[in-house]
2 protein chains.
Amino acid sequence: MIYSSELIKGTLKTIVLQQLKQNGKMYGYEITQKVKELSKERISITEGALYPTLHALEAEGLVQTETEFIGKRIRKYYRLTPSGENKVLEKVNELAEFMNTMKFILDIKPV
Amino acid sequence: MIYSSELIKGTLKTIVLQQLKQNGKMYGYEITQKVKELSKERISITEGALYPTLHALEAEGLVQTETEFIGKRIRKYYRLTPSGENKVLEKVNELAEFMNTMKFILDIKPV
DNA sequence: TCTTATACATAATGTTCTTATGTATCTTTG
DNA sequence: CAAAGATACATAAGAACATTATGTATAAGA
């Protein structure tokens, strides 16, 4: 079952930042594949969503980039800046608390 | 701490439907107050978000309304239709699974 | 050689929220 | 008793963020 896209809304930045935290440096396409794999095909990050998000994170100073050439093909790596390191902790904590609140409100039993 | 609004995105319909399931019938303002109370002030549903959502749920046939007068003031009660009863189960299950997937991806430890 | 995968990016569009505004009644407080 | 705040509905303009479509280009596999 693929999660309906509206659920991803609001969590995309957090997912991206946490992936960068866990893996040091990653390029865009790699992030989409990693998230697809981790979610067992249930979360697909579209390119139209990912790239603007990465550019926004860079503009906010939360990530920095380095460009590499693999043969002739460009590859743009992203990694967290120090302020990105702080931000990811905040974002993940907030989401964790939000999910607990939602479980309470929706009366969802632990598995 | 108030949850940043982007987290609510995509979960509002589910929250509203589940409230109606738990409480039988409710009016709009009552839903905002109940959710505020349950979330310990951390989730505020704005009227600009709530009323269009309720109207959309009605247009989709998931809820039906009955209007009451309290003195001279109107009060519009919403309750689930049979198809709304099915939908709320779907939506809550999907959200529960999504949250489990997110916990896994974000490496969030159980409390 | 053709298709699929890799890899970036942007633009038009759609959805859904926030913020602002509007109307009106009821209750509390100085 | 007048003003302020709470109750209760609703809509419109604007912002935010995603989808879908499109574009460019290289690499790998059938």
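Here is the naming used below: chain letters follow the sequence lines, and residue numbers restart at 1 for every chain. Basis for what follows: all heavy atoms, side chains included, without hydrogens, waters or symmetry-related copies.
Taking the centre and axis of the six-membered ring of B:Y77, the NZ or CZ atom of B:K25 falls inside the cone set by 45° and 6.0 Å.
Close to D:dC9, at under 4.0 Å from its OP1 or OP2, lies a side-chain N or O of B:Y51. For B:H55 and D:dC9, the shortest distance from a side-chain N or O to OP1 or OP2 is not below 4.0 Å. The phosphate of D:dT19 has neither OP1 nor OP2 within less than 4.0 Å of any side-chain N or O from A:K9. For D:dA18, the OP1/OP2 oxygens have a side-chain nitrogen or oxygen of A:T53 closer than 4.0 Å. For the pair A:K13 and D:dC17, the criterion of a side-chain N or O lying under 4.0 Å from OP1 or OP2 is not met. Side-chain nitrogen and oxygen atoms of A:Y27 include at least one within less than 4.0 Å of the OP1 or OP2 phosphate oxygen of C:dA7.
Here D:dA16 presents its C1' atom at 13 Å from CG of A:L12, a figure rounded to the nearest Å. The separation between A:K34 atom NZ and C:dT6 atom C1' is 17 Å, rounded to whole Å. Regarding B:L50, its CG atom lies at a distance of 14 Å from the C1' atom of D:dT7, rounded to whole Å. Between the CD atom of B:E60 and the C1' atom of C:dT16 there is a distance of 13 Å, rounded to whole Å. In this structure, the CG atom of B:L7 is 12 Å from the P atom of D:dA18, given to the nearest Å. Atom CZ of B:F69 and atom P of C:dA24 are 14 Å apart (whole Å). Note: CD1 (B:I45) to P (C:dT16) measures 15 Å, nearest angstrom. Distance B:I31 CD1 to D:dA8 P: 12 Å, rounded to the nearest Å.
Among the heavy atoms of the strands lying under 4.0 Å from A:G28 are primed sugar atoms or P, OP1, OP2 only; no base atom is included. As judged by a 4.0 angstrom heavy-atom cut-off over every strand, B:I8 is placed among residues making no nucleic acid contact.
Annotation: side chain of B:D107 is in contact with side chain of A:Q18 (closest heavy-atom distance under 4.5 Å). Between B:F98 and A:I8 there is a side-chain heavy-atom pair separated by less than 4.5 Å. Using a 4.5 Å heavy-atom threshold, the side chains of A:E97 and B:R42 count as touching.
The pair A:E66-A:K76 does not count as a salt bridge, with every side-chain nitrogen at least 4.0 angstrom from each carboxylate oxygen. Under the 4.0 Å criterion applied to side-chain N and carboxylate O atoms, A:E60 and A:K13 are assigned as salt-bridge partners.
In summary, of the residues considered (A:Q33, A:R79, A:Q19), a side-chain contact (heavy atoms from CB on, under 4.5 Å) with A:M26 occurs for A:Q19 alone.
With D:dC9, C:dA9, C:dT18 as the candidates, the nucleotide lying closest to the side chain of B:R75 is D:dC9. Closest approach to the A:Y29 side chain among C:dC17, C:dA5, D:dA8 is made by C:dA5 (side chain taken as heavy atoms from C-beta onward).
Checked by atom type, the side-chain pair B:E47/B:T32 shows no donor-acceptor distance below 3.5 Å.
Projected onto DNA chain C by closest heavy-atom contact, A:Q33 and A:P52 fall at different nucleotides, the more 5' of which corresponds to A:Q33.
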| request: Between protein and nucleotides 23-30 of chain D, map the contacts as a letter string: B base, S sugar-phosphate only, - none, heavy atoms under 4.0 Å, written 5' to 3'. | output: ---BS---
